Protein chains: 2
Amino acid sequence: MKMSTRARYGVRLMFELGLRYGGKPMFLKDIARNEELSEKYLSQLVMPLKASGLVNSVRGAQGGYLLARPPEQITVKDIVEILEGDLAPSDCSKDNSLCARSSYCITRGVWEKLEKSISKTLKSITLNDLVSKFKKEKINRGGK
Amino acid sequence: MKMSTRARYGVRLMFELGLRYGGKPMFLKDIARNEELSEKYLSQLVMPLKASGLVNSVRGAQGGYLLARPPEQITVKDIVEILEGDLAPSDCSKDNSLCARSSYCITRGVWEKLEKSISKTLKSITLNDLVSKFKKEKINRGGK
DNA sequence: AGTATTACTATCATTATAGTAGTAATAATA
DNA sequence: TATTATTACTACTATAATGATAGTAATACT
Ligand code: FES
Ligand code: FES
């Protein structure tokens with residue numbers, strides 16, 4: 001049950017954009033430096049986020065990325081679903097046609113419950129929660 | 001966030017043993033037939049379950065496997081933890097030494113919350129819950 | 001024109017997953 | 001005692017997913 005790096009890095013990327021919200025677009029380079037991640041890899045993650053309408057971009061020099069909505073309107077679930085696919089722990093539970101046993105399989109209910117619980121938890125955390133927590137803790141990570 | 005087949009098949013295996021609880025040991029062959037799974041693959045899953053004390057075995061002809069505890073004392077979490085490793089969605093959250101950023105990383109809290117929620121959900125379901133539901137629904141799947 | 005940035009595509013190495021296969025050990029039973 | 005049915009254990013393999021790197025094209029500011 002590991003969350004992929006795609007999803008985890010994606011949340012960190014979005015957190016950085018949340019921190020910057022209201023200001024100028026942010027360079028991928030700066031996000032990569034702050035989060036100690038590969039800029040090239042991040043560039044792959046930010047594309048689906050843009051395609052899904054969570055992020056806007058500005059091309060060319062002095063361009064960058066910025067949130068398309070206020071951070072309180074973006075949940076971790078939004079991000080994870082885009083980068084991870086869906087949240088179902090088993091394909092059986094999302095579509096009856098995917099598993100011949102689904103009509104009489106008892107364990108299926110387990111994965112459905114689990115999915116709901118995961119979904120609820122991730123939905124309950126917004127980017128703004130992360131940003132506020134960060135500011136509250138006055139975390140100093142150097143840099144400008 | 002897919003659950004591995006190891007964990008999912010393991011739950012089904014344990015469900016079969018739960019259904020049989022109180023009776024004679026059950027052949028892996030019969031579990032495999034009922035659940036439409038490979039007997040050889042199941043034999044790999046049942047070993048760690050035995051090593052962890054959830055299952056007992058009887059060797060030789062007329063042998064088989066049986067639950068080591070009553071089904072109401074075995075949770076899905078017990079099974080998944082054995083076959084899947086731990087439930088942490090990110091290694092960061094289980095041990096500070098695993099991630100240099102852990103002392104100041106905000107997103108870490110997300111995965112910790114998620115782990116707790118997953119853990120709570122899986123812990124809330126016992127084998128007996130599955131067995132009772134099965135019997136209540138009087139599901140007919142043929143065979144003896 | 002030059003430079004900084006996003007956008008896009010291709011490729012690759014590593015690991016994890018899922019499963020197969022075969023043999024040895026054990027014990028009931030004929 | 002020989003046979004057979006079963007668990008126990010180990011090794012192997014094919015495929016897919018993951019996590020990344022690299023390079024080029026497009027865009028727009030200075
Ligand atoms: S629904 Fe697919 S195996 Fe249970
Ligand atoms: S704690 Fe490891 S990246 Fe956040």
Side-chain angles (χ1 to χ4, degrees), chain A residues 1-13 16-17 20 24-33 35-52 54-68 80 83-86 88-92 99, chain B residues 1-13 16-17 20 24-33 35-52 54-68 80 83-86 88-92 99:
Chain A
M1 284 298 272
K2 285 283 174 287
M3 188 66 70
S4 68
T5 58
R6 281 174 64 86
R8 290 188 291 117
Y9 294 2
V11 172
R12 288 162 66 184
L13 186 163
E16 291 288 332
L17 294 183
R20 172 73 70 101
K24 285 191 291 188
M26 189 170 189
F27 304 148
L28 224 39
K29 197 201 298 179
D30 290 336
I31 299 178
R33 182 163 24 77
E35 293 291 331
E36 299 169 277
L37 295 171
S38 146
E39 179 184 348
K40 280 294 192 182
Y41 193 34
L42 285 183
S43 79
Q44 281 181 56
L45 307 186
V46 81
M47 275 187 286
L49 293 170
K50 193 196 163 192
S52 304
L54 251 50
V55 161
N56 288 329
S57 68
V58 180
R59 288 183 79 148
Q62 303 312 310
Y65 293 95
L66 61 169
L67 293 187
V80 170
L83 294 171
E84 183 90 8
D86 67 276
S90 163
D91 286 336
C92 293
C99 181
Chain B
M1 284 296 274
K2 286 282 174 287
M3 188 66 71
S4 68
T5 58
R6 281 173 64 87
R8 290 188 289 115
Y9 294 2
V11 172
R12 288 161 67 183
L13 185 164
E16 291 288 333
L17 293 184
R20 173 73 70 101
K24 286 189 290 188
M26 190 169 189
F27 303 149
L28 225 38
K29 197 201 296 178
D30 289 336
I31 299 177
R33 181 162 25 77
E35 292 291 332
E36 299 169 276
L37 295 171
S38 147
E39 180 183 348
K40 281 293 191 181
Y41 194 33
L42 285 183
S43 79
Q44 281 182 54
L45 307 186
V46 82
M47 276 187 287
L49 293 170
K50 192 195 164 193
S52 304
L54 251 49
V55 161
N56 288 329
S57 69
V58 180
R59 288 183 79 146
Q62 304 313 310
Y65 293 95
L66 62 168
L67 293 187
V80 170
L83 294 172
E84 184 89 9
D86 66 276
S90 163
D91 287 336
C92 294
C99 181

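Convention: sequence-line order gives letters A, B, ...; per-chain numbering from 1. As the structure is a prediction and not an experimental result, all values here were calculated from the model.
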Review point. Is any side-chain heavy atom of B:Thr5 closer than 4.5 Å to a side-chain heavy atom of B:Tyr41?
Key: yes
Exercise for review: Side-chain contact test, heavy atoms from C-beta onward, threshold under 4.5 Å: evaluate it for A:Arg20 versus A:Leu17 and give yes or no.
Suggested key: no
Revision key, fill the gap. In short, A:Leu83 meets A:Pro48 closest at the heavy-atom pair CD2-CG, 3.8 Å
Practice item. Measure from CD on A:Glu39 to C1' on D:dG19 and round the result to the nearest Å. Key: 17 Å
Review point. Do A:Val11 and A:Arg8 have side-chain heavy atoms sitting under 4.5 Å apart?
Key: no
Check your understanding: Given atom CG of A:Leu49 and atom C1' of C:dT6, what is their separation to the nearest angstrom?
Key -> 14 Å
Check your understanding: Within the structure, does a side-chain N or O atom of B:Lys29 lie under 4.0 Å from either OP1 or OP2 of D:dA5?
Key -> no
Exercise for review: Would you mind reporting whether B:Lys2 and A:Asp91 have side-chain heavy atoms less than 4.5 Å apart?
Suggested key: yes
Point to revise | Phosphate-side-chain proximity, A:Ser57 and C:dA7, N/O vs OP1/OP2 below 4.0 Å | key: yes
Exercise for review: Could you tell me the separation between the CZ atom of A:Arg59 and the C1' atom of D:dA26, rounded to a whole number of Å?
Suggested key: 4 Å
Practice item. Select base, sugar-phosphate, or nothing to describe what B:Val58 touches, counting heavy atoms under 4.0 Å on all strands. Key: sugar-phosphate
**Study point:** A:Lys50 side-chain N/O to C:dA7 phosphate OP1/OP2 under 4.0 Å
**Key:** yes
Review point. Taking for each residue the nucleotide of DNA chain D with the nearest heavy atom, is it B:Val46 or A:Gln62 whose nucleotide lies nearer the 5' end?
Key: B:Val46
Practice item. Using whole Å, report how far CZ of B:Phe27 lies from C1' of D:dT4. Key: 12 Å
Contact list (N/O, under 3.5 angstrom) for nucleotides 13-23 of chain C vs protein:
unit_1	atom_1	unit_2	atom_2	d
C:dA18	OP1	B:Thr5	N	3.3
C:dA18	OP2	B:Thr5	N	3.0
C:dA18	OP2	B:Thr5	OG1	3.0
C:dA18	O5'	B:Thr5	OG1	3.1
C:dT20	OP2	B:Ser38	OG	3.2
C:dT20	O4	B:Gln44	NE2	2.3
C:dG22	N7	B:Lys40	NZ	3.1
C:dG22	O6	B:Lys40	NZ	2.7

Review point. Any side-chain heavy atom of B:Glu84 within less than 4.5 Å of one from B:Ser4?
Key: yes
**Study point:** Gap between atoms CE and C1', on B:Met47 and D:dT7 respectively (whole Å)
**Key:** 9 Å
Exercise for review: Take the protein atom CD1 of A:Ile31 and the nucleotide atom P of C:dT5, then report the distance between them rounded to whole Å.
Suggested key: 12 Å
Check your understanding: Side chain of B:Ser38, backbone of B:Lys40: donor and acceptor closer than 3.5 Å?
Key -> yes
Exercise for review: Report the distance from atom OH of B:Tyr65 to atom C1' of D:dA5, rounded to the nearest whole Å.
Suggested key: 13 Å
Revision key, fill the gap. A:Asp91 CG to D:dA16 C1', in whole Å, measures 14 Å
